[in-house]
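One-based numbering, in listed order, for ligands and for the atoms of each. Note that the numbering runs from 1 along the sequence shown for the chain.
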Amino acid sequence: MDLKVMNGLLTPKSVAIIGASSTPGKIGHTVVKNLIESKYAGKIYPVNPKADDILGIKCYPTVTDIPGEVDAAIMTLPAKFVLESVKECGEKGVKGAIIITSGFSEVGEKALEEEIVKTAHSYGMRVLGPNIVGVLSNSDQFNGSFAPFLPLKGSGSLVSQSGALLIGIDASTYMRGVGFDKLISIGNMSDVSFADTIEWLDQDEKTKCISLYIEGFKQGRKVIEVSQKARKPIIGLKSGISAHGAAAAASHTGSLAGAAKIYDAAFKQAGIIWADDLNNLFDRTLALSLQPPMKGDNLLIITNGGGVGVLATDSAEKFGIPLKFAPDDVQTELKKHMPEFGSAKNPVDLTGMAGTEWYGDSVKFAIQHPWVDGLVVLYCETAMTDPLEIAKGIHNAVKESGVTDKPVTVSYVGGEKSEKAMKWLVENGIPAYSAPDLAINAIAALREYALNKENNQDDHLDFQGVDKQKALAVIEKARQDGRDALTEIEAKQVFEAYQLPVTHSRVAKSEDEAVKLAAEIGYPVVMKIVSPQILHKSDAGGVKVNIKDEAGVRTTYNTILQNAKAYKADANIHGILVQEMAPLGTEVILGSVNDATFGPTVMFGLGGIFVEVLKDVTFRVAPFSKKQALEMMAEIKGAPILRGVRGELPRDMDALADAICRYAHMVLDLADEVSESDANPVLVYENGKGLKVVDARIILKKK
Ligand code: ADP
Ligand code: MG
């Protein structure tokens, strides 16, 4: 990212409005008016060959006629003139084009849009848009958009892919009392996209939290990369999570991978905090922009009412920070700030008698205590207390404590006075919400932020000894056969090249050969059909396990052949697989898809027949750390099965985490060749005994 160019684009010191208009109501007029009304201190140069001045500001026939330097050109002229105008801006040395004009890729004019970006880049210029509302910045008093006014001042900044939503959000900041410093509309993302804006906002001093409204990332991996590096919290609201994954897929993984799960994975890896809906985006932005991350799990709730205390307790469990009883010394001290019938356990109930002093004293003590990692203060409006006084008491206590690295959120339930008190709190840096669950959800976002930072510390494994050439040779052979599906034995050869443990197998072309191979491998054996046309072998009666002797091998050989022919008469049969029989273990599935946005993405879940019914699977974009692999294992519903249920010993979690990472490395390394793959099942044994891939499938990319 060229900082000078990006600064010119997003915080310009001078702007040309190309397509500026004298006619009120036209976008080219509105933008000039907005720049004036926002008290923009930079130079404003309207460009229009037919006007002398617009709203009292001298107008220029072309951008090249402008005497001074121009940082950004805001373009509102018709689509067909934009390319020419970008060229002129390039000649003039303009740093960035904010292209408001629509009528490009969103209506199929992709080539023109690409041409514009190519031209801009040839001059070292960047493009925001097209098809956008513009850029708004409170700290620069810059309304370079056709949204009517700057948003309420705040310390978060928002990037929105939807223009209409951005205008709506702009106005709603005043109603909600949640402001932003910058609103950036990115529309078609022809050039500047989420990754660039995240990177830029991360170095922008005025932005404390980066909020995103996402319809779809363009460069998913780049977003993950820059987000991981960001030093500020990033929160994302992703829309359209129901429409993805509908396309018919050849593997389990394809049908189980939906946008929601893959974005969820990408967010986790990027350290982006999830927003459930628009309200949640505002609520969490407020907390993330005002408060520090919550570095541990110990949440303390202080309340003056049992009802809100219990509601908050329920929410705390729901949002992943269940309450624990406060330690004895904390309880003993807090008991001093409440009547006899209060409770110091957690939630700490100061009772309805609590006034400013009790609130203040207990908040100050609690936040200073090493056990407490985060504090939620609840207040129900009472006739005896003044909401604003309580707010001031809370604020002073936090300030006097000198503690700045533990988060505090507040919830008031009450009327107008409470509303005013909450507004005061927000203006003074403490996020306040109208319901206890919102205050808990907000502090949970700060906990998620801290966890994200811990989990994304790099501990990528070393994959020495991998033989990519061997894998490519297997793939090449299948391609020469005109196939895009590998057989089980071929897929296992690829897995083996990446040092994933597979069951030993050989292909027999005759009954006698099968007997010979079985003796070599050792009884009992498993026998399976080998045919590129039969990918789900059991469906075709093509798998027989636990064959104990020669007679069994002979009968099974013929049974499987007959079954396969009955199932698919024209199937091309390569032979019958004779395979080492793996001992019983816990069945898990590994899968991969080559996602359009994120590229190779790995799935993990409990295997066997349950996988399709329960859909208890989780994803990560490859590659990822062992910590992430361990987290995948912990976050499926079936996690207790891996930890060992009903007297069973725990499974070999360490070997499994290694295998998941190795598998991720494999699908990433072979991304040009492999479209989807799975290992279903993988049998996982007890601690120290490893695992075995007993079935493998690889679907190649069409070439
Ligand atoms: P498919 O999924 O194509 O129907 P699999 O190779 O997965 O065929 O075999 C079906 C089932 O047979 C597996 O889910 C597993 O329970 C069992 N199985 C297959 N191969 C082995 C093996 N080598 N050792 C032990 N069990 C096996
Ligand atoms: Mg299988």
Review point. Pick from Glu114, Glu113, Glu106: which one makes a salt bridge (Lys or Arg N to Asp or Glu O under 4.0 Å) with Lys110?
Key: Glu114
Review point. Should the pair Arg506-Glu520 be classified as a salt bridge under the 4.0 Å nitrogen-to-oxygen rule?
Key: yes
Practice item. Sort out the contact shell of ligand 1: every protein residue with a heavy-atom distance below 4.0 Å, listed by chain and number. Key: Glu488, Thr503, Val526, Lys528, Leu535, His536, Lys537, Ser538, Val543, Val545, Gln579, Glu580, Met581, Ala582, Glu587, Asn680, Pro681, Val694, Asp695
Review point. Between Ser105 and Asn188, do the side chains contain an N or O donor and an N or O acceptor separated by less than 3.5 Å?
Key: yes
Check your understanding: In terms of side-chain geometry, is the basic nitrogen of Asp652 or Lys689 positioned less than 4.0 Å from the acidic oxygen of its partner?
Key -> no
Review point. What is the ring orientation for Tyr663 with Phe495, classed by angle as parallel under 30°, tilted 30 to 60°, or perpendicular over 60°?
Key: tilted
Exercise for review: Keeping waters out of it, list the protein N, O or S atoms under 2.8 Å from the Mg ion (ligand 2).
Suggested key: Asn680 O, Asp695 OD2
**Study point:** Ring geometry between His665 and Phe463 (parallel below 30°, tilted from 30 to 60°, perpendicular above 60°)
**Key:** parallel
Practice item. Rounded to the nearest 0.5 Å, what's the gap from CG on Asp695 to NE2 on His536? Could you check? Key: 9.5 Å
Review point. Could Asp654 and Lys626 be called an ion pair, given the rule that one side-chain N must be under 4.0 Å from one carboxylate O?
Key: yes
Review point. Can you name the one residue among Glu488, Glu490, Glu496 that meets salt bridge (Lys or Arg N to Asp or Glu O under 4.0 Å) with Lys492?
Key: Glu488
